**Q** 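Provided herewith is a single structure, encoded as structure tokens, for subsequent inquiry.
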Amino acid sequence: MSLSELTDPGAVLRAIAEFDDIGREAFLAKYGFGPARTYFLLHNSRRYDSKAIVGAAHGLQHPDRPPLTGKDFSGGESTVRKKLRALGFEVERSGDSSAPSLVAKHQKGVAQP
């Protein structure tokens, strides 16, 4: 299993929808990721933990395999950011993991912009 096997932007959108549905904390716990520190997927004016989204999306695209975990691939410019951009998504680099849009309370599980 590798990050290169993620080729479906729809799987990323399904991971985003699940994140919104269950909320950040539950999503990160379900897939075994910690909060993002540097790279965030931007979608509909919201920020998402990019590595967790990619790991979950891999499992959604390949339901016969488990999702990727944080140990399966590294995050960063040459991996997660490159993959998400190749799939048509915007990724932001930020050195502040306590950005307001990330620590805002989730209302009904939806990340607030």
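Atoms considered below: every heavy atom in the structure, side chains included; atoms not considered: hydrogens, waters and symmetry mates. Just so we're clear, the structure is a prediction, and the values are computed from it rather than from any experiment.
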**Q** Are Leu42 and Phe89 connected in a single hydrophobic cluster, I mean Ile/Leu/Val/Met/Phe/Trp/Tyr linked by side-chain heavy atoms less than 4.5 Å apart?
**A** no
**Q** Which one of Leu3, Thr69, Asp8, Leu68 satisfies the side-chain contact (heavy atoms from CB on, under 4.5 Å) criterion with His58?
**A** Leu68
**Q** What are the two closest non-hydrogen atoms of Ala15 and Ile53, and how far apart are they?
**A** CB-O, 3.8 Å
**Q** State, with a plain yes or no, whether a side-chain heavy atom of Tyr31 is found less than 4.5 Å away from one of Glu18.
**A** yes
**Q** Could you tell me the separation between the CZ atom of Arg47 and the CG atom of Leu41, rounded to the nearest 0.5 Å?
**A** 10.5 Å
**Q** Look at the side chain of Lys51 and the backbone N and O of Val80, then say whether any donor-acceptor pair between them is shorter than 3.5 Å.
**A** no
**Q** Compare every heavy atom of Gly55 with every heavy atom of Pro67, then report the nearest pair and how far apart it is.
**A** CB-O, 3.3 Å
**Q** Measuring from Leu13:CG to Leu60:CG, what's the distance to the nearest 0.5 Å?
**A** 11.0 Å
**Q** What residue among Lys82, Lys83, Arg85 forms side-chain contact (heavy atoms from CB on, under 4.5 Å) with Val91?
**A** Arg85
**Q** Rounded to the nearest 0.5 Å, how far apart are OG1 of Thr7 and CD of Gln61?
**A** 4.0 Å
**Q** Is there a donor-acceptor pair under 3.5 Å between the side chain of Asp49 and the backbone N or O of Ala36?
**A** yes
**Q** Is any side-chain heavy atom of Phe27 less than 4.5 Å from a side-chain heavy atom of Asp21?
**A** no
**Q** Relative to the ring of Phe33, is the ring of Phe73 parallel (under 30°), tilted (30 to 60°) or perpendicular (over 60°)?
**A** tilted
**Q** Ring of Tyr39, cation from Arg81 - is the NZ or CZ under 6.0 Å from the centre and inside 45° of the axis?
**A** no
